[in-house]
Each structure stands twice: as C-alpha cells, then as structure tokens.
Amino acid sequence: MNDEFKQKVYTLIGAIPEGNVATYGQIAKLAGAPRHARAVGYLLKHLPNDSSLPWHRVINSQGKISFPVDSDKFNSQALKLKAEGVVSLNGRVSLKKYLWN
DNA sequence: CGCATGACGGCAA
DNA sequence: CTTGCCGCCATGC
C-alpha cells in the first residue's frame with residue numbers, strides 16, 4: 001500500500017463534514033482505488049489512537065456500522081454519530097446523510 | 001509463493 | 001429483510 005493512497009484516504013475522511021457520512025467504497029474510489037474498500041478498513045483499524053480523524057463517519061455500503069451490534073466499538077461509534085445528528089437506530093444511517101452519492 | 005483473515009461490496013435466492 | 005457466496009486486496013505467517 002503506497003503513501004499516496006493513505007494520504008488521500010486520510011484527507012478524504014478528514015474532509016467529511018459533521019452530520020455526514022461516507023462508505024468505505026466511496027472513500028477508496030475517491031482515493032483513486034475503486035476496489036480497495038477493504039484497504040480503507042485496514043487503515044482505519046490500524047489508525048493511531050492519537051489521530052484526530054473522524055473515522056466514525058465512515059460506514060459500510062449498507063448504511064450500518066461495521067461492528068457487531070453489542071461490541072464496545074459499535075457503541076462508541078454509534079454514540080458519536082448520534083451526537084452529530086446522524087440517525088443511527090440499531091446502527092442504521094439515513095441515506096440523506098451520505099456526503100458523496 | 002501459498003493460504004488465511006478482515007472496520008468491504010454486490011448480487012442472487 | 002436475511003443469508004450465503006464470491007470477488008477484491010493488503011497483510012502476516
């Protein structure tokens with residue numbers, strides 16, 4: 001994985017305004033690598049704790065959080081999204097909230 | 001180099 | 001709406 005890709009992904013995620021969300025696929029595509037949705041997931045997973053990126057605004061194409069519904073990760077992300085006005089009933093996000101569609 | 005894994009995506013049943 | 005399967009790709013062993 002090249003730095004170029006990383007940088008773009010980080011930039012794109014950082015560019016997501018509050019109240020909006022984007023999917024892994026969209027991020028990957030806009031980063032110039034259409035089939036790298038999983039690579040994006042990899043990057044987020046290995047994100048440094050001190051990173052200020054709004055990773056919680058990145059969800060999967062099903063409009064849901066990519067974590068088991070009862071996990072801690074899920075709860076924390078759902079909480080953040082809720083705090084930003086993104087309706088996430090049982091992990092679901094309104095389609096209107098997507099930034100790039 | 002081969003094989004398994006995963007914060008994914010799309011499609012069929 | 002729920003499952004299952006398969007394609008895709010970076011990583012780690």
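Chain letters run A, B, ... following the sequence lines, proteins first, then strands; residues in each count from 1.
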Value in whole Å for how far the [atom2] atom of [N] lies from [atom1] of [X]:
| X | N | atom1 | atom2 | answer |
| --- | --- | --- | --- | --- |
| A:K64 | B:dG9 | NZ | C1' | 13 Å |
| A:N60 | C:dT2 | CG | P | 13 Å |
| A:H56 | B:dA7 | NE2 | C1' | 14 Å |
| A:F67 | B:dG6 | CZ | C1' | 11 Å |
| A:N49 | B:dA7 | CG | P | 16 Å |
| A:Y42 | B:dC8 | OH | P | 14 Å |
| A:I27 | C:dC8 | CD1 | P | 22 Å |
| A:H36 | B:dG10 | NE2 | P | 16 Å |

Provide the closest heavy-atom pair for [X] versus [Y] in the form atom of the first, atom of the second, distance.
| X | Y | answer |
| --- | --- | --- |
| A:F5 | A:A33 | CE1-CB, 3.7 Å |
| A:N60 | A:T23 | O-CG2, 3.8 Å |
| A:M1 | A:L43 | SD-CD2, 3.7 Å |

Base C:dC8 paired with A:R38 side chain (donor-acceptor, <3.5 Å):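 Per atom types, the contact qualifies.
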
I want to confirm an ordering. Mapping A:A39 and A:Q62 to their closest nucleotides on DNA chain B, which one lands closer to the 5' end?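 Taking each residue's closest nucleotide, the earlier one in sequence belongs to A:A39.
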
Can you figure out which of [options] approaches the side chain of [X] most closely?
| X | options | result |
| --- | --- | --- |
| A:S61 | B:dA7, C:dA10, B:dG9 | B:dG9 |
| A:R35 | C:dC8, B:dG10, B:dA7 | C:dC8 |
| A:A37 | B:dG10, B:dC8, C:dC8 | B:dC8 |
| A:L44 | B:dG10, B:dA7, C:dT11 | B:dA7 |
| A:R92 | C:dC8, B:dA7, C:dC1 | C:dC1 |

Donor-acceptor check, side chain of A:R38 to backbone of A:Y24, threshold 3.5 angstrom: yes or no?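 No, because the side chain of A:R38 does not come within donor-acceptor range (under 3.5 Å) of the backbone of A:Y24.
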
Got a salt bridge between A:E84 and A:K80, using NZ or NE/NH1/NH2 to carboxylate O under 4.0 Å?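 Judged by the 4.0 Å cut-off on N to carboxylate O distance, A:E84 and A:K80 do not form a salt bridge.
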
